[in-house]
Protein chains: 2
Amino acid sequence: MGADMTKLDKMSTKCRIIHAAMAIAHSEGARHLTIDAVTVKSGLSKGGVLYHFPSKMALLEGLVIHTLEAVREQIETHMSHLRGRPNATLHALSRLLGDVLDETLTLPVALLAASAENPALLEPVRAEFRVIWNAIRSETTNEPGALVIWHALEGMQFMNMMGLTPGDKAQLRQCLAEIRTMIDELPDKERKSDL
Amino acid sequence: MGADMTKLDKMSTKCRIIHAAMAIAHSEGARHLTIDAVTVKSGLSKGGVLYHFPSKMALLEGLVIHTLEAVREQIETHMSHLRGRPNATLHALSRLLGDVLDETLTLPVALLAASAENPALLEPVRAEFRVIWNAIRSETTNEPGALVIWHALEGMQFMNMMGLTPGDKAQLRQCLAEIRTMIDELPDKERKSDL
DNA sequence: GGTACTGCACCGTCTGGTCGGTTTATGCAA
DNA sequence: TTGCATAAACCGACCAGACGGTGCAGTACC
């Protein structure tokens with residue numbers, strides 16, 4: 001249990017750092033996401049931050065990996081509640097967006113911060129997106145239709161994060177509901193529906 | 001004509017600077033978009049760059065405004081070819097995306113670069129997006145449906161820019177074609193069509 | 001003794017911005 | 001046409017501060 005405590009502490013401190021980094025990236029802009037800023041925001045010392053992430057690249061890498069991991073977990077949780085349902089992956093993604101619509105600390109924030117420093121840091125995200133896309137396309141016969149829906153979901157997340165969405169949250173909810181009916185109307189791989 | 005020449009030269013130099021800034025932001029990441037980097041890329045001197053844009057904020061502001069202006073012009077050009085057609089604004093946006101799908105120097109690149117320095121720089125974009133949204137919603141009775149389509153278009157642009165889109169360009173073209181049929185099936189404001 | 005830090009001094013480089021100066025284009029009078 | 005004043009366009013050395021990162025002595029805890 002001692003080991004567990006140690007591990008938990010380590011994780012929670014790392015989380016504090018990453019959380020601080022996300023908050024800075026979102027409110028101040030990726031340009032002002034500096035180690036010193038993270039130091040202040042997280043309440044640690046510079047040495048403390050650099051103890052966990054020996055360089056800024058490592059920090060951003062950690063930020064991407066950590067956020068990606070969280071996303072993956074949330075998707076899997078939703079997926080487990082959707083077993084057997086047609087187009088379960090798209091449904092899971094739509095639920096994920098529903099969860100995340102009010103939060104500010106989302107995957108796109110991490111993407112922006114990381115790509116500002118080094119676009120190559122997005123590689124693990126690309127890999128994950130390929131996996132997601134393969135899951136999506138394996139569930140429907142209408143690939144272009146599914147791709148449109150996925151792009152709509154991602155577009156909502158991006159625009160919402162940058163504060164570019166017009167109208168209020170009710171409108172976004174309505175938009176999300178529309179997307180969900182579109183997913184329901186997507187042909188299943190087994191029993192190809194109408195059209 | 002002397003005055004015209006002067007004005008043209010001035011504009012072309014400003015364009016060179018902005019073009020250089022965009023290229024850097026896209027290839028190196030917003031973090032490395034520095035005045036010095038722009039100096040080198042544009043072939044000017046530091047003083048020369050700062051003569052046209054007296055600060056980095058001014059440069060980024062110029063970058064956003066300039067890109068937004070270009071987008072607005074392209075939309076209006078497409079709109080003039082779509083006079084009277086239902087949901088003309090969405091159609092214009094879809095054509096714009098078609099034009100831009102292969103280019104790397106797009107509005108989102110400017111958005112990322114600007115928001116990395118100062119999120120407040122996105123305000124003119126927000127204003128423009130409100131205008132676009134009002135145009136879109138004025139043309140259909142199915143607002144949520146239109147919003148989904150718009151988000152899909154923006155999502156495609158963002159994901160394409162960050163290299164997150166899976167599959168090849170043919171797939172994207174197919175996706176865009178799908179979006180266009182969806183726009184065609186959107187109810188017009190006058191004669192509300194099926195369902 | 002190892003892990004997880006704090007606190008701080010320090011370094012080299014990068015960055016935004018200033019400033020004095022130079023070149024180039026323009027306008028105008030002799 | 002020439003000469004010259006004036007301003008716009010541009011150059012590049014320089015500076016102060018920010019930034020990423022190092023190194024190390026010390027501490028608290030298991």
Side-chain angles (χ1 to χ4, degrees), chain A residues 1-21 24-25 27-64 66 113-118 120-121, chain B residues 1-21 23-25 27-64 113-118 120-121:
Chain A
M1 90 175 174
D4 285 349
M5 274 301 287
T6 309
K7 196 176 178 187
L8 275 173
D9 277 3
K10 200 193 291 183
M11 287 307 285
S12 87
T13 301
K14 277 199 171 188
C15 279
R16 261 170 69 198
I17 293 171
I18 284 176
H19 191 271
I24 293 163
S27 60
E28 320 279 326
R31 178 66 210 294
H32 305 287
L33 173 52
T34 65
I35 296 180
D36 288 306
V38 171
T39 292
V40 173
K41 191 88 175 182
S42 65
L44 294 178
S45 67
K46 194 166 182 175
V49 173
L50 285 166
Y51 174 80
H52 291 283
F53 301 99
S55 70
K56 195 186 177 185
M57 280 276 282
L59 204 177
L60 292 169
E61 215 174 298
L63 196 151
V64 169
H66 178 272
S115 71
E117 182 73 33
N118 181 1
L121 284 169
Chain B
M1 89 172 174
D4 286 350
M5 275 300 285
T6 308
K7 197 176 176 187
L8 276 173
D9 278 4
K10 201 193 291 185
M11 287 307 285
S12 88
T13 301
K14 277 199 172 188
C15 279
R16 261 170 66 199
I17 293 171
I18 285 177
H19 190 271
I24 293 163
S27 60
E28 320 278 329
R31 177 67 209 294
H32 304 287
L33 173 51
T34 65
I35 296 181
D36 287 303
V38 172
T39 290
V40 173
K41 192 89 176 181
S42 67
L44 294 178
S45 68
K46 196 162 185 176
V49 173
L50 285 166
Y51 173 79
H52 291 283
F53 300 99
S55 70
K56 195 187 177 184
M57 280 275 284
L59 205 179
L60 293 169
E61 214 174 300
L63 196 151
V64 169
S115 71
E117 181 72 34
N118 181 0
L121 284 169

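Every chain is numbered from 1, with letters handed out A, B, ... down the list of sequences.
Residues that satisfy the side-chain hydrogen bond (donor to acceptor under 3.5 Å, both in side chains) test with B:Asn118, not counting sequence neighbours, are absent from this structure. Residues satisfying the side-chain contact (heavy atoms from CB on, under 4.5 Å) test with B:Ser45, not counting sequence neighbours, are none. Qualifying side-chain contact (heavy atoms from CB on, under 4.5 Å) partners for B:Thr34, counting only residues two or more places apart in sequence or in other chains: B:Asp36, B:Ala37. With sequence neighbours left out, the side-chain contact (heavy atoms from CB on, under 4.5 Å) criterion links A:Leu44 to A:Thr13, A:Arg16, A:Ile17, A:Ser42, A:Val49. Under the side-chain contact (heavy atoms from CB on, under 4.5 Å) criterion, B:Glu28 pairs with B:Ile24, B:His32, not counting sequence neighbours.
Here the straight-line distance linking atom CD1 of A:Ile18 with atom CG of A:Leu59 works out to 7.0 Å at 0.5 Å rounding.
Side-chain nitrogen and oxygen atoms of A:Tyr51 include at least one within less than 4.0 Å of the OP1 or OP2 phosphate oxygen of C:dA4. In terms of phosphate contacts, B:Thr13 brings no side-chain nitrogen or oxygen within less than 4.0 Å of OP1 or OP2 of D:dA9.
Spacing between atom CG of A:Leu44 and atom C1' of C:dT6 amounts to 10 Å, rounded to whole angstrom units. We find that CZ of A:Phe53 is positioned 15 Å from P of D:dG20, with the value rounded to whole Å. Rounded to a whole Å, the NE2 atom of B:His52 is 9 Å from the P atom of D:dC11.
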Which letter, B, S or -, goes with each nucleotide of nucleotides 12-20 of chain C from 5' to 3', with contact meaning a protein heavy atom under 4.0 Å? ---SBBB--
